[in-house]
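Every number for a ligand or one of its atoms is a count from 1 in the order of the listing. The figures that follow rest on heavy atoms only: side chains count, while hydrogens, waters and symmetry mates do not.
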Amino acid sequence: MKLEGVHHVTAITSDAQLNLDFYVGVLGLRLVKKTVNQDNPGVYHLFYSDQEASAGSDITFFEYPGLPRGRAGAGMVHTVVWRVGSTDSIAFWRERLGDLGHPVEEDGEGLAFHDPEGLRHLLVVSTAPDTPLSATHPEIPPEHALQGFEGVRAYSVAPDTSETLLAEGLGFERVGDVWEARGDQRGGTYAYDSPPEEPGLQGSGTVHHVAWASKSEELESWRTRVMETGASPTPMIDRFYFNAVYFPEPSGVLFELSSLGPGFTVDEPLDSLGENLSLPPDYEHLRAQIEPNLRPLVMPSAGRDS
Ligand code: ZN
């Protein structure tokens, strides 16, 4: 068994419209699902991805209106790393982000920036053989579009304590100081940095969890396997779009293992994904209560034809 890289990254926003304007309007991702938090159906859960709504390019946000700004600390993911096609693409994003008022900084060969609530992103030129996962956007030439996740970076005070789980429980391979989960189709990386002194604070602009992709038929076996290395996974939970198992890895970062199927077209056609509020069957009977309490979202104009 091998995990197929990152399935999705889930983070927190206090303002769904601000979030949509950035991830669709600026970064050029596609809103592929507008639904509610299945553990708290009074708030939005927004999913952005490539044109095909693929795992591997899917960043999702729980909205908690008015939640104070958080900050990444020990035991939290602090940077989401995305692939782009070339150094020309890095130059394109340096200019685009700058023009749109988002400060950028060089980080090694990559380009780092923050979303409007402080979540840090890093663009790197892809060296992976994986199929690029891109969305279309009228202002972004296809060759410069984001191509899906390279991986995530987290803060840990004791990364060695995670080694058994990562290597034996999850089959990650260590390349230098970076761990990689690589399956038949895709790979994704996981790396640690020393944490800042200030403790982390879960709030808007922070990552809630990172999910790794499992072949659907292997999820239960993965659950057993991580348990054998000492992790305490939840039972398998049906998230309607995929099945999921959650557990904190020893550094404190919340991991999820998610099945690759059935995916986001289970309740909407691919062409109109994200246009309407989707409610999983267990919540459909609550639509009349849920929908009026959610602030309507306006698609950013530049992202409207995507
Ligand atoms: Zn998740």
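Checked against the 6.0 Å centroid criterion, the rings of Phe61 and Phe22 do not qualify as a close aromatic pair.
Classification of the Phe255-Tyr190 ring pair by plane angle, with boundaries at 30° and 60°, yields perpendicular.
The two residues Glu63 and Ser14 come nearest to each other via the heavy atoms OE2-O, 4.0 Å.
Closest to the Zn ion (ligand 1) among the N, O or S atoms of His8 is NE2. Among heteroatoms of the N, O or S kind in Glu256, OE1 lies nearest the Zn ion (ligand 1).
Between Asp58 and Arg30 no salt bridge is recorded (no basic side-chain N to carboxylate O distance below 4.0 Å).
Backbone or side-chain N, O or S atoms of His208 do not reach the Zn ion (ligand 1) at under 2.8 Å.
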